[in-house]
Amino acid sequence: MGILQYTVDQAGALILAIPSALVIMLSREWFCSRMAGDKEAQPFNEFSLLSFASLSLNGIAPGGILRDQPPAFLRFFYGQIWLLILIVLGCTYVLIKGPAADTFSARFSAVFLTQAWAMLIINFLPLPPFDAAAAYLGPYMQWRAFSIAVTVLSAAALILFSYTFWRSDFLTGKFLIRWLKLT
């Protein structure tokens, strides 16, 4: 049992952040594809690894659903709706279940809600790699230079989001955690 506890202590928040980020990003990709009518979409093959890494490590990430398919704005819209659904489901679970502050359920719920909230808010920025850019830059998305720019800007976002000095409770969703008494 000592090695398991040591491993969990060393992994720290990643034990909670990685599964939460996978659930948020893969379910968001799946929902956007189904709502946009893309029956051949494969969420495992199409989700952004940089966005996943940023969400897992920093708690904030660009959505990674920018695609050069015709309903680019609809994919953004459906992605934001899905994040709202996840937040409502998470809050409802916490309000019904009422987990104690230092349990796995409370900690996972806190990570899940803050990640979903941060993605919801940050993806309203109308610049690549954030998903609102699909609404403004849709005609340019088929260019190879655009996809390279999105990749470079996603890497820059990963680095930028690692600095916590600019974060507020509204941006990170910590006000939800305090309201739900998960800390």
Side-chain angles (χ1 to χ4, degrees), residues 14-97 105 108-144 146-155 157-158 161 171-173 176 180:
L14 287 178
I15 298 273
L16 302 169
I18 289 174
S20 177
L22 278 173
V23 168
I24 290 170
M25 295 200 69
L26 289 175
S27 67
R28 186 171 185 239
E29 287 288 333
W30 171 82
F31 183 78
C32 291
S33 298
R34 293 302 174 253
M35 293 300 290
D38 186 8
K39 303 288 187 218
E40 292 131 19
Q42 297 176 344
F44 279 109
N45 295 338
E46 296 176 354
F47 91 113
S48 170
L49 193 57
L50 280 170
S51 294
F52 169 70
S54 184
L55 190 60
S56 296
L57 297 173
N58 303 322
I60 297 177
I65 61 170
L66 288 174
R67 299 277 184 269
D68 59 351
Q69 299 162 348
F73 176 74
L74 284 178
R75 288 182 62 86
F76 162 67
F77 180 70
Y78 294 141
Q80 296 302 88
I81 287 175
W82 184 247
L83 290 173
L84 279 175
I85 290 170
L86 289 178
I87 290 167
V88 168
L89 287 174
C91 288
T92 304
Y93 168 78
V94 170
L95 291 173
I96 290 172
K97 178 85 171 163
S105 179
F108 184 80
S109 297
V111 169
F112 182 80
L113 287 170
T114 55
Q115 285 180 348
W117 178 264
M119 277 191 71
L120 175 75
I121 296 301
I122 203 78
N123 281 311
F124 276 111
L125 293 175
L127 304 168
F130 307 108
D131 293 333
Y136 299 101
L137 303 173
Y140 307 106
M141 290 174 53
Q142 72 272 9
W143 295 354
R144 177 154 170 74
F146 185 81
S147 64
I148 292 170
V150 167
T151 303
V152 169
L153 292 173
S154 294
L158 174 64
F161 290 150
L171 182 64
T172 59
L176 277 174
L180 294 168

Y78: ring pair (Phe, Tyr, Trp, His ring centres under 6.0 Å) partners, not counting sequence neighbours:
none
Can you sort out the partners of F130 under ring pair (Phe, Tyr, Trp, His ring centres under 6.0 Å), two or more places apart, ordered by chain and number?
none
Distance (rounded to the nearest 0.5 Å) between [X] [atom1] and [Y] [atom2]:
{"X": "F31", "Y": "R75", "atom1": "CZ", "atom2": "CZ", "value": "11.5 Å"}
{"X": "L120", "Y": "I81", "atom1": "CG", "atom2": "CD1", "value": "11.0 Å"}
{"X": "L83", "Y": "D131", "atom1": "CG", "atom2": "CG", "value": "8.5 Å"}
{"X": "S51", "Y": "M25", "atom1": "OG", "atom2": "CE", "value": "4.5 Å"}
{"X": "R28", "Y": "Q80", "atom1": "CZ", "atom2": "CD", "value": "5.0 Å"}

Taking only residues two or more places apart in sequence, or in another chain, which ones meet [X] in a side chain to side chain donor-acceptor pair (under 3.5 Å)?
{"X": "S109", "result": "none"}
{"X": "T114", "result": "none"}
{"X": "S27", "result": "W82"}

Indicate the atoms forming the closest heavy-atom contact of [X] with [Y], along with that distance.
{"X": "L55", "Y": "Q115", "result": "O-NE2, 3.1 Å"}
{"X": "A61", "Y": "I122", "result": "O-CG2, 3.3 Å"}
{"X": "N123", "Y": "G63", "result": "OD1-N, 2.7 Å"}
{"X": "A133", "Y": "P128", "result": "CB-N, 3.4 Å"}
{"X": "L86", "Y": "F112", "result": "O-CE2, 3.7 Å"}
{"X": "P129", "Y": "L153", "result": "CD-CB, 3.5 Å"}

Within a strict 4.5 Å, meaning less than it, do heavy atoms of the T172 and I121 side chains meet?
no
Are I87 and L176 close enough that some pair of their side-chain heavy atoms sits under 4.5 Å apart?
yes
Test: salt bridge (charged side-chain N to carboxylate O under 4.0 Å, His left out). Region: residues 49-58. Which pairs qualify, not counting sequence neighbours?
none
Going through the checks in order, is the side-chain contact (heavy atoms from CB on, under 4.5 Å) test met by L113 and L180?
CA-CA 10 Å; L113 287 170; L180 294 168; 3.4 Å; yes
Plane angle bin for F76 and F73 - parallel if under 30°, tilted between 30 and 60°, otherwise perpendicular
tilted
Assess whether atom CZ of F52 is packed by more than 12 heavy atoms of other residues, nucleotides or ligands within 6.0 Å.
yes
